[in-house]
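Step one of this worksheet: look at the structure below.
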Amino acid sequence: MNIPQGKEEVIMAGFGGQGVLFLGKVLAEVGMAAGKNVSWLPSYGPEMRGGTANCSVVISEAPIASPIVNEPDLLIAMNRPSVTRFLPKVKKGGVMIYNASLIPEETFRSDVKAMAVPASRIAGDLGSERVANVVMAGAFLRACPVMSLEQALKQIEHLTPAKKKEMLELNKTAFTKGYEYANA
C-alpha cells in the first residue's frame, strides 16, 4: 500500500510517553536523507503528561510553504483517542496506519485505507514495548517508500543518541520488523 509520491503530509499521535515526537523525527530524518524538503512540527503541552501527544511531518519534492497539516495524507495512530481525534481530518483516499495492539479492528472510514500493525506486540516480542514507535516508522517506510530500507537503517543509527547506544540494534530490528509486517 503506497501513498502518492511528491508531497506527503503526515500526522502521528498517541499517548504522551509513546515516543510520538521521536517517531516524527525518524520520519523527518528519513525524508531529509532522501533529499526531500521536510518540516517537523511537534505538539507540546499537557499532552506530555498522558494526554494525546501529536506531531506533523511534511515530506515534499518542492519547498514547503507551511508546516501546518490540516488534512494529512497519512495518519499514524498509536492509540484509540488518536483515531477519534485525527481520522476525520485525513484526506479522502488517504492512509491510516494504526497500532492494532491497542486499537481494536473495526470499520473505519470507507474512503481511507487502514493498515493494522500490532506495533506494541511486535515491540514486546523484541523485549521492549518502548520501541513500538520505531515499528510504526518501519511500517510508514513501506507505505511511503521515500528511500530503501538500508538507507533508512543508517538514519536510525544517526538518530539513536550516544547515551542510548544500547538501543541501536533494538531500534534497527524494530524498524525492520515494522517494514516487513507492513508488506505482509
Side-chain angles (χ1 to χ4, degrees), residues 1-14 18-43 53-69 71-78 82 86 90-91 94-99 113 115-120 122-123 126 128 130-165 167-184:
M1 174 185 324
N2 291 344
I3 63 174
Q5 295 296 302
K7 181 178 181 185
E8 290 81 28
E9 295 185 348
V10 184
I11 289 181
M12 56 231 64
Q18 284 186 302
V20 170
L21 302 183
F22 181 73
L23 172 58
K25 283 183 182 182
V26 170
L27 301 189
E29 286 285 334
V30 164
M32 281 192 301
K36 311 282 186 186
N37 294 290
V38 175
S39 71
W40 173 71
L41 185 63
S43 174
N54 68 87
C55 71
S56 59
V57 171
V58 179
I59 302 172
S60 178
E61 297 285 342
I64 298 167
S66 172
I68 306 297
V69 175
E71 271 191 311
D73 300 293
L74 192 138
L75 168 64
I76 300 174
M78 296 295 291
S82 299
F86 293 107
V90 175
K91 288 179 185 169
V95 176
M96 175 179 66
I97 303 172
Y98 67 96
N99 184 353
K113 295 176 186 170
M115 180 189 298
V117 177
S120 296
I122 291 170
L126 294 174
S128 176
R130 294 182 55 193
V131 295
N133 58 339
V134 182
V135 172
M136 294 299 265
F140 166 82
L141 184 65
R142 177 62 79 174
C144 183
V146 296
M147 67 171 37
S148 72
L149 175 61
E150 293 75 24
Q151 292 170 314
L153 291 174
K154 289 180 183 172
Q155 295 312 304
I156 296 293
E157 289 179 28
H158 170 73
L159 282 168
T160 303
K163 64 183 178 183
K164 293 187 177 182
K165 284 299 180 195
M167 295 291 293
L168 179 58
E169 288 308 313
L170 180 59
N171 282 340
K172 289 168 74 173
T173 301
F175 191 95
T176 302
K177 292 286 186 187
Y179 183 86
E180 291 169 349
Y181 188 90
N183 188 38

Legend entry - CD on Gln155 to CG on Leu141, rounded to 0.5 Å: 11.0 Å
Legend entry - Lys177 side chain near Leu126 side chain, heavy-atom distance below 4.5 Å: yes
Inset, instruction - Decide yes or no for Lys91 and Glu9: does some side-chain heavy atom of the first lie under 4.5 Å from some side-chain heavy atom of the second? - result: yes
Legend entry - Interatomic spacing from CD1 in Ile11 to OG in Ser82 - rounded to 0.5 Å: 10.5 Å
Legend entry - Side chains of Tyr181 and Pro118 in contact at under 4.5 Å (non-hydrogen atoms): yes
Legend entry - Gap between atom CD of Glu180 and atom OG1 of Thr173 - 0.5 Å precision: 9.5 Å
Legend entry - Side-chain heavy-atom pair Ile97, Met136 within 4.5 angstrom cut-off: yes
Legend entry - Any side-chain heavy-atom pair of Pro72 and Val10 under 4.5 Å: no
Inset, instruction - Answer yes or no: is there a side-chain heavy-atom contact under 4.5 Å between Phe175 and Val131? - result: no
Inset, instruction - Find out whether Arg130 and Leu170 are in side-chain contact, i.e. whether some heavy atom of one side chain is under 4.5 Å from a heavy atom of the other. - result: no
Inset, instruction - With rounding to the nearest 0.5 Å, note down the distance linking OG1 in Thr176 to CD1 in Ile122. - result: 11.5 Å
Legend entry - Least distance between heavy atoms, Ala119 atom then Asn99 atom: N-OD1, 3.2 Å
Legend entry - Between NZ on residue Lys154 and CE on residue Met147, distance to nearest 0.5 Å: 10.0 Å
Legend entry - Exam field: side chain Ser120 to backbone Ala132, donor-acceptor pair closer than 3.5 Å: no
Inset, instruction - Could you tell me the separation between the NZ atom of Lys25 and the CE atom of Met12, rounded to the nearest 0.5 Å? - result: 13.0 Å
Legend entry - Results of salt bridge (Lys or Arg N to Asp or Glu O under 4.0 Å) for Glu157 - residues two or more places apart only: Lys172
Legend entry - Val69 to Ser56 - nearest heavy-atom pair and separation: CG2-CB, 3.6 Å
Legend entry - Distance-minimising heavy-atom pair for Phe22 and Asn133: CD2-ND2, 3.6 Å
Inset, instruction - Report the residues that fulfil side chain to side chain contact (heavy atoms under 4.5 Å, CB included) with Ile64, sequence neighbours left out, ordered by chain and then residue number. - result: Asn37, Ser39, Val58, Ser60
Inset, instruction - Would you mind reporting whether Ile76 and Leu27 have side-chain heavy atoms less than 4.5 Å apart? - result: yes
